[in-house]
Protein chains: 2
Amino acid sequence: MRVTRKSDYGLRALCTLARHYNREPVSIGQLSAEHKIPEPFLEKIMQELREHGLVEATHGRGGGYLLKKRPSQISLREIVQALDGPIALVTCLDPSLKCAIEDGCPTSPIWEIVNHQLEEYLASLTLSDVMKLQGE
Amino acid sequence: MRVTRKSDYGLRALCTLARHYNREPVSIGQLSAEHKIPEPFLEKIMQELREHGLVEATHGRGGGYLLKKRPSQISLREIVQALDGPIALVTCLDPSLKCAIEDGCPTSPIWEIVNHQLEEYLASLTLSDVMKLQGE
DNA sequence: TGAACTCGGAGTATTTTACTCGGAATTTGA
DNA sequence: TCAAATTCCGAGTAAAATACTCCGAGTTCA
């Protein structure tokens with residue numbers, strides 16, 4: 001029942017990018033220094049976020065990453081899905097796998113409900129909510 | 001973002017025990033056959049559930065497990081906590097560990113909220129809800 | 001007394017997570 | 001035009017968590 005460190009790190013980095021929204025790009029070096037995240041690992045994370053359309057990168061000197069959408073348009077759900085893959089509380093619910101027990105699985109209905117609830121809740125929270133909570 | 005197989009298996013086994021509530025105990029052998037769970041693994045799971053007061057065991061021939069409380073008194077939260085440990089979406093929130101970033105952690109407030117929401121939701125669902133959803 | 005059970009501790013195998021490494025491509029400034 | 005600063009990409013490795021197994025001992029009952 002845990003989000004991976006990738007999602008945790010990713011969210012932290014995105015917070016910084018949210019602060020820099022509409023300003024100069026932020027490099028891996030800066031991001032990893034600010035959040036104490038190992039550089040090469042964060043590099044992978046940012047690449048995945050880019051592949052999923054959450055950030056964009058500019059190459060070369062002075063380059064780095066920027067949010068591709070407004071902070072209020074980026075939900076926790078997108079972030080977690082981008083970095084951890086589909087949200088599936090039990091393997092049954094992972095679309096890339098199939099449930100071992102074809103039918104009459106006694107527990108999948110309840111997990112489906114919980115899973116759906118969780119997804120919706122994560123979808124309702126955005127980077128700007130995260131920012132708002134920061135000062136407190 | 002996944003519940004371990006222990007919780008998944010545990011819930012399945014508890015469903016069977018719920019059907020047998022106030023009847024004869026059910027052995028590991030029966031439970032593992034019904035749900036196709038490896039016997040020695042299920043044995044461990046049932047032991048943990050017993051240690052957490054969710055089931056009770058009777059030894060010897062004809063023995064096995066029974067629910068210790070009514071199905072409507074056993075929540076998904078208890079089950080998951082018994083088998084997977086504390087519900088903590090990020091390591092920050094695990095009471096047995098401490099957050100690496102002492103203060104000013106930018107993301108822990110939001111995770112705390114999501115975590116709390118999830119816990120409450122799991123607490124609101126009980127074994128009898130799981131049973132009700134089964135037939136459908 | 002022996003078969004059908006659980007108990008408890010200590011192990012192992014597998015999978016997932018958390019990272020590292022190195023070389024190529026791109027951009028900018030001196 | 002060259003060197004520094006950056007991302008890109010593919011392939012790897014290390015560590016940790018999960019998913020199990022094994023075995024000997026204790027209980028209960030017929």
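The structure displayed is predicted, hence computed values, not measured ones.
Among A:Leu49, A:Leu42, A:Ile79, A:Ile45, the one residue that satisfies the side chain to side chain contact (heavy atoms under 4.5 Å, CB included) test with A:Lys6 is A:Ile45.
Among all heavy-atom pairs drawn from B:Glu39 and B:Ser32, the shortest one is CG-OG, 3.0 Å.
Look at B:Asp129 and B:Lys132 and you find a salt bridge, because one of the NZ, NE, NH1 or NH2 atoms lies within 4.0 Å of a carboxylate O, short of that distance.
A straight line from CD of A:Glu51 to P of D:dC9 spans 7 Å, rounded to a whole angstrom. For the pair A:Ile45 CD1 and D:dC9 P, the interatomic distance rounds to 17 Å; values are reported in whole Å. Here C:dT28 presents its P atom at 15 Å from CD of A:Glu24, a figure rounded to the nearest Å. If you take CZ of B:Arg2 and P of D:dA17, they are 18 Å apart, rounded to a whole angstrom. The separation between A:Glu56 atom CD and D:dT7 atom C1' is 13 Å, rounded to whole Å. Across the protein-nucleic acid pair, A:Leu42 atom CG and D:dT6 atom P stand 14 Å apart, rounded to whole Å. Atom-to-atom, CG of B:Asp84 to C1' of D:dA19 comes out at 12 Å; the value is rounded to the nearest Å. Remark: C1' of D:dT27 and CD of B:Gln47 are 14 Å apart, rounded to the nearest angstrom.
B:Val55 and B:Leu66 sit in two unconnected hydrophobic clusters of ILVMFWY residues. Membership requires side-chain heavy atoms under 4.5 Å apart, directly or through other members.
At a threshold of 4.0 angstrom between heavy atoms, the contacts of A:Gly64 are confined to the sugar-phosphate backbone, with no base atom among them.
Formation of a donor-acceptor pair under 3.5 Å by the B:Gln73 side chain with backbone atoms of B:Arg70 is not found in this model. Put simply, the side chain of A:Arg77 never gets that close to the backbone of A:Glu120: no donor and acceptor are under 3.5 Å apart.
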(request) Take nucleotides 17-24 of chain C nucleotide by nucleotide from the 5' end and write B, S or -, depending on whether a protein heavy atom sits under 4.0 Å from the base, only from the sugar-phosphate, or from neither. (result) -SBB----

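Under the 4.5 Å side-chain criterion, counting only non-hydrogen atoms from C-beta, B:Leu17 is in contact with B:Met46.
One axis for each end of the helix from C:dT1-D:dA30 to C:dA30-D:dT1, each built from five base pairs, and the angle between them comes to 10° at 10° resolution.
Contact between the side-chain N/O atoms of A:Arg50 and the OP1/OP2 oxygens of D:dC8 is found at a separation under 4.0 Å.
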